[in-house]
Each structure stands twice: as structure tokens, then as C-alpha cells.
Student: 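If you scroll down you'll find the structure; I have some questions about it.
Since the model is a prediction, treat every value here as computed from it, not as a measurement. Sequence lines set the chain letters: A, B, ... in the order given, protein chains first and strands last, and positions in each chain run from 1. What you see below is based on every heavy atom in this structure, not just the backbone, and it leaves out hydrogens, waters and symmetry mates.
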Number of protein chains: 2
Amino acid sequence: MSYHTLVQHINRHVTLTEAEVEILKSLTRIKKVRKRQFVSEQGEITRYESYVVEGCLRCYHTDEDGNEHVVQFAVEDWWTADLHSFLTQSPAHFSVEAIEPSVLIQFGYNEMEELYRSIPKLERFFRTITQRAYVASQKRIITSFSKDASKRYDEFRNRYPTIEQRVPQYMIASYLGISPEFLSKIRKRKLTNG
Amino acid sequence: MSYHTLVQHINRHVTLTEAEVEILKSLTRIKKVRKRQFVSEQGEITRYESYVVEGCLRCYHTDEDGNEHVVQFAVEDWWTADLHSFLTQSPAHFSVEAIEPSVLIQFGYNEMEELYRSIPKLERFFRTITQRAYVASQKRIITSFSKDASKRYDEFRNRYPTIEQRVPQYMIASYLGISPEFLSKIRKRKLTNG
DNA sequence: AAATAATCTTGAACTAGTTCAAGATTTCAA
DNA sequence: TTGAAATCTTGAACTAGTTCAAGATTATTT
């Protein structure tokens with residue numbers, strides 16, 4: 001069943017009883033999305049936080065000039081949402097879109113609060129994973145300020161080898177904060193030279 | 001007493017009893033630092049997470065070329081630390097240094113775990129503030145990719161007018177991801193032209 | 001009140017990365 | 001299996017931001 005990986009994931013940080021797993025199941029839902037389907041859209045309220053059972057998605061912002069900027073990729077065992085929109089139930093600055101057909105477990109706002117009440121250790125779980133996400137985000141800022149595009153690309157490939165296989169190059173360029181043309185040139189340079 | 005603002009700060013998210021405030025006091029400590037004094041150093045283990053009662057600090061990374069990159073400023077009512085180092089008790093990638101003489105309330109690693117055990121609602125408190133920090137961090141990434149340096153500077157001034165007054169320009173440049181010379185030129189352009 | 005250290009400014013030369021345009025290649029739906 | 005859409009490549013012209021160097025200004029310490 002789809003919940004197996006989620007429960008294992010949570011159990012790496014806290015320990016859920018059988019009864020608690022049942023509560024969890026009852027307060028969440030499974031959502032399947034096609035390739036290129038939106039999970040949530042910029043301008044709309046993000047109603048759910050999503051755990052990825054299977055598939056690959058991107059969370060991205062479209063700026064005033066229409067350029068897209070990837071905030072985050074999400075693959076199996078990761079979470080995705082416009083967290084600000086979800087927490088404040090206000091219009092999102094980011095969209096979440098499937099890069100591959102995907103299966104998600106979704107947590108609604110009220111249901112999440114209910115889960116915190118009935119399974120308080122989930123507070124600890126979400127504190128922990130948010131702290132990790134925050135640490136990764138800070139690291140991304142410093143890397144983008146201190147290293148050039150070529151080194152950032154190397155680091156991305158080393159850290160996320162599977163994602164690199166599954167995602168179009170121009171989205172990786174966007175994640176790295178460079179143009180797709182420039183990433184293409186970086187790759188060429190790596191093939192011909194060192 | 002110095003704990004007053006911390007307790008108020010926590011009470012905006014959860015409600016502490018008198019007894020809980022006493023536990024909090026007993027498991028934390030007050031630390032005063034001079035201007036330019038380190039609170040924690042890159043390469044060392046970050047032993048404490050610090051709440052700022054008074055003063056102003058910066059958290060920054062020094063890269064291989066010796067260039068400094070500001071990860072975060074912290075003023076009254078904010079938190080600062082190399083969170084990764086603190087959580088994993090491993091050597092830090094960031095230093096925290098006082099920009100002004102400052103007063104901190106410090107939470108040690110073991111004491112923090114003890115606090116979570118004795119006052120479980122602190123899990124909720126730290127979950128909440130970490131989620132906010134994460135949201136702000138993601139926003140900073142996207143801003144730095146989608147807006148030019150001049151706009152980023154405008155946004156910084158609007159969002160943190162007090163910090164701008166208290167911090168040297170070259171640290172603001174570093175926070176924005178540009179050279180101090182270029183920030184100086186941006187400021188001149190703003191004075192002379194529009 | 002000096003002396004030293006820290007910070008800020010300015011200009012000239014440079015470069016990492018962008019933009020535009022056009023074609024080549026791959027993927028996917030019908 | 002073909003046509004359309006999506007993605008990737010390449011080169012030429014450009015620009016936002018850097019680097020270096022030197023002097024000016026402001027803080028801080030003695």
C-alpha cells in the first residue's frame with residue numbers, strides 16, 4: 001500500500017503506533033497526477049502539503065517577465081508545497097507541477113492541525129524535517145554566492161544524481177540560477193576540455 | 001529581566017506556564033558578547049542556539065578564497081546559529097559574530113532535548129519558527145535569481161530598515177550577493193538619478 | 001588628540017553569464 | 001508513424017556585476 005513508505009519515513013524520526021497510522025490514513029488522501037499536471041498553482045491558495053510516494057515534481061516561481069525559477073525538485077520520499085501559502089492559507093507565489101506521472105499523499109490544512117492534536121509527536125517530526133530543509137536552503141544560498149555556475153552544476157550532479165537523470169536540463173539550469181544556454185555551454189566545455 | 005522578551009516571543013505561538021518558564025530559565029544561560037566577538041566559529045562545533053535579547057549579529061561563511069558571505073543577520077527577538085552544526089554537533093560551516101555588543105539567551109544541545117521532553121509544546125514553537133525561517137530562505141533564493149542587485153537592495157531596505165542602519169554596507173552587499181564596490185555604485189546611482 | 005583600523009568611494013579594465021536568433025534533436029500524442 | 005511540441009545546441013553581440021588600485025572618510029583605541 002502507498003502509505004508504507006510514508007510511515008517508514010516518519011518512523012525514522014518518531015515512532016507511530018498502529019492506531020496512529022490509522023489516524024494518519026484517515027486524515028490524508030492519495031492524489032495521482034499526470035505529467036505536466038499542476039498540484040497547486042501560483043495565485044491560488046495551496047490547500048495541501050504533499051509527500052511524494054512516486055514520481056518527480058518541481059516547485060517554481062514565475063516572475064513578472066514570465067521567467068520560471070525552480071524553488072525545489074521533489075522525488076520519492078520528499079515533501080513539496082508552497083509552504084508559505086499552505087501555512088497562511090493565502091495565495092501562492094509558487095506552483096507545483098508534475099515532471100513525471102506521480103503519486104502523492106496529501107495533508108490538508110485543517111487535517112494537519114488535527115493530526116498535530118491527535119499525534120503530538122508529529123510536531124517533532126515536522127520540526128526535524130523542516131530544520132533539515134532550512135539548512136539545505138541556506139547552503140544553497142551560500143553556494144550560489146560563493147561558487148561559479150560550473151562548480152554548482154558539479155555539486156548538483158554529485159548530490160542529486162538521480163534527479164539529474166529525470167529532469168530536463170533547462171529546469172536544472174533554472175535551479176542553479178543560470179540560463180539554459182549557459183548550462184549547455186558548460187556541459188560542452190566539460191566534454192571537450194577537462 | 002532578560003527573559004521577558006523571550007517568554008513573550010514564545011507566548012505568541014504557544015502558552016507557557018510559570019513553572020515552564022522556570023524550567024526554561026534553569027536550562028538556558030545568558031551570554032554577553034563584545035563587538036566583533038565570536039559566538040561560534042566556523043570549523044568548531046556550534047554548542048548553542050542563541051536568542052538575541054539585545055544587539056546585532058551576523059552569521060557568515062568564509063569560502064576557500066577568504067571571501068565572507070553573510071548567511072543571516074540577527075537582531076532583537078531573532079535566533080541565530082549554524083543550525084546544521086548545532087543539530088548534528090559537527091564542525092560548523094558558518095561563524096556567528098557580534099556586530100554590536102549583544103546579550104543572548106543560549107540553548108545547549110542536551111538542554112534543548114531536555115526542554116523538548118519537559119515542555120513538549122516547544123516542539124510546536126520551534127517547528128513554527130523554523131517553517132518561517134525556511135519560507136524566508138526560499139524567498140531569498142528566488143529573489144536573488146529573479147531580480148537585479150538594485151531591486152534586491154530596495155527590497156532589503158524596505159523589509160529590514162532597522163538592520164540597514166546598524167550594519168556596515170559591505171555586509172549588506174555580502175548578504176545581497178554582490179561586491180561592496182558595486183553596492184556603493186548602486187547607492188550613488190540612486191542619489192544622482194531617480 | 002593622535003594614530004590606527006575599519007569602512008566607503010570612484011574609475012578603468014575585465015569577465016561570467018545573458019540575450020537573441022536559428023537550427024538540430026528528441027519526445028509524445030493522435 | 002507522422003506531425004507538433006518540447007528540449008537542446010551554437011555563435012555573436014551584449015551587460016550586469018567583478019576586480020584591482022588608490023584615495024577619502026569614519027570609527028575606535030590609546
Student: Would you say that more than 12 heavy atoms from the other residues, nucleotides or ligands in this model lie under 6.0 Å from the CZ of B/Arg132, or not?
Tutor: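 No.
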Student: Using atom CZ of B/Phe182 as one end and atom P of C/dC14 as the other, report the distance to the nearest whole Å.
Tutor: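 After rounding, the reported distance stands at 19 Å.
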Student: What I'd like to find out is whether the side chain of A/Ser150 reaches to under 4.5 Å of the side chain of A/Lys190, using heavy atoms alone.
Tutor: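 Heavy-atom side-chain distance check passes, below 4.5 Å.
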Student: Looking at DNA chain D, which of residues 60-74 of chain B put a heavy atom within less than 4.0 Å of it?
Tutor: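 The answer is none.
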Student: Check this for me: does any side-chain nitrogen of one of A/Glu111 and A/Arg29 sit under 4.0 Å from a carboxylate oxygen of the other?
Tutor: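 No, no charged N to carboxylate O under 4.0 Å.
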Student: Using 30° and 60° as the class limits, which term best fits the ring planes of A/His93 and A/His84: parallel, tilted or perpendicular?
Tutor: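 A/His93 and A/His84: tilted rings.
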Student: In this structure, is the centre-to-centre distance between the rings of B/His9 and B/Phe125 below 6.0 Å?
Tutor: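 Under 6.0 Å, so yes.
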Student: Within the distance-only criterion (no hydrogens, no angle test), does the side chain of A/Asp82 pair as donor or acceptor with the backbone N or O of A/Val96 below 3.5 angstrom?
Tutor: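 Pair absent, no side-chain N/O of A/Asp82 close to backbone of A/Val96.
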Student: Check this one for me: any side-chain N or O of A/Lys185 less than 4.0 Å away from OP1 or OP2 of D/dC8?
Tutor: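 No, no such contact exists.
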Student: For nucleotides 1-3 of chain D, list the nitrogen or oxygen atoms of the protein found under 3.5 Å from its nitrogen or oxygen atoms, one pair per line.
Tutor:
none

Student: Report yes or no: is the cationic atom of B/Arg166 (NZ for Lys, CZ for Arg) under 6.0 Å from the centre of the six-membered ring of B/Phe73, at an angle within 45° of the ring normal?
Tutor: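 That pair does not qualify as a cation-pi contact.
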Student: Enumerate the protein-to-nucleotides 21-30 of chain D contacts in which both atoms are nitrogen or oxygen and the separation is below 3.5 Å.
Tutor:
residue, atom, partner, partner atom, Å
D/dT28, OP1, B/Lys35, NZ, 2.3

Student: Can you tell me if B/Arg34 has over 12 outside heavy atoms packed within less than 6.0 Å of its CZ?
Tutor: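 No.
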Student: Round to a whole Å and report the spacing from CZ of B/Arg189 to P of C/dT9.
Tutor: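 Going from CZ in B/Arg189 over to P in C/dT9 covers 14 Å.
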Student: Looking at DNA chain C, which of residues 147-159 of chain A put a heavy atom within less than 4.0 Å of it?
Tutor: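 The answer is A/Asp148, A/Ala149, A/Arg152.
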Student: Are B/Ser184 and B/Gln169 close enough, and set up right, to give a side-chain hydrogen bond (donor to acceptor under 3.5 Å, both in side chains), and what steps lead you there?
Tutor: CA-CA 8 Å; B/Ser184 177; B/Gln169 248 188 74; 4.9 Å; no
Student: If I take atom CZ from residue B/Phe182 and atom OH from residue B/Tyr153, how far apart are they, to the nearest 0.5 angstrom?
Tutor: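 Taking CZ in B/Phe182 and OH in B/Tyr153, the distance rounds to 13.0 Å.
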Student: When the nearest nucleotide of DNA chain C is assigned to A/Ile186 and to B/Ser184 on a heavy-atom basis, which residue is associated with the more 5' position?
Tutor: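 So the residue in question is B/Ser184.
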Student: Is a side-chain donor or acceptor of A/Thr46 paired with a backbone partner of A/Ser85 at a separation under 3.5 angstrom?
Tutor: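 Flag not set: sc A/Thr46 to bb A/Ser85 has no pair under 3.5 Å.
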Student: Group every Ile, Leu, Val, Met, Phe, Trp and Tyr by side-chain heavy-atom contacts under 4.5 Å, then state whether A/Val52 and A/Ile105 land in the same group.
Tutor: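 Unlinked, A/Val52 and A/Ile105 end up in two clusters.
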Student: Among Ile, Leu, Val, Met, Phe, Trp and Tyr joined by side-chain contacts under 4.5 Å, find the other residues sharing a cluster with A/Ile45 and list them by chain and number.
Tutor: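 Joined to A/Ile45, directly or through intermediates: none.
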Student: Let me know the distance between NZ of B/Lys188 and P of C/dT9, rounded to the nearest Å.
Tutor: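 So the NZ-P distance, B/Lys188 to C/dT9, works out to 10 Å.
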Student: What is the distance from CD1 of A/Ile99 to P of C/dC28, rounded to the nearest Å?
Tutor: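 In whole Å, C/dC28 P and A/Ile99 CD1 are 13 Å from each other.
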Student: Look at the side chain of A/Thr128 and the backbone N and O of A/Arg124, then say whether any donor-acceptor pair between them is shorter than 3.5 Å.
Tutor: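 Side chain of A/Thr128 to backbone of A/Arg124, a donor-acceptor pair under 3.5 Å: yes, one is there.
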Student: Tell me whether A/Arg159 at atom CZ has more than 12 heavy atoms from other residues, nucleotides or ligands lying less than 6.0 Å away.
Tutor: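 Not buried by this count: 12 neighbours or fewer within 6.0 Å.
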Student: At a heavy-atom distance below 4.0 Å, what parts of residues 170-178 of chain A sit against DNA chain C?
Tutor: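 Close to the strand are A/Gly177, A/Ile178.
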Student: Taking atom C1' of C/dT27 as reference, at what distance in whole Å does atom CZ of A/Arg166 sit?
Tutor: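 Going from CZ in A/Arg166 over to C1' in C/dT27 covers 18 Å.
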Student: Is it possible for you to check whether B/Arg140 lies under 6.0 Å from the centre of the six-membered ring of B/Tyr175, through NZ or CZ, and within 45° of that ring's axis?
Tutor: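 So B/Arg140 does make the cation-pi contact.
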Student: Less than 4.0 angstrom between a side-chain N/O of B/Gln169 and OP1 or OP2 of C/dT9, yes or no?
Tutor: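 The answer is yes; a side-chain N or O of B/Gln169 sits under 4.0 Å from OP1 or OP2.
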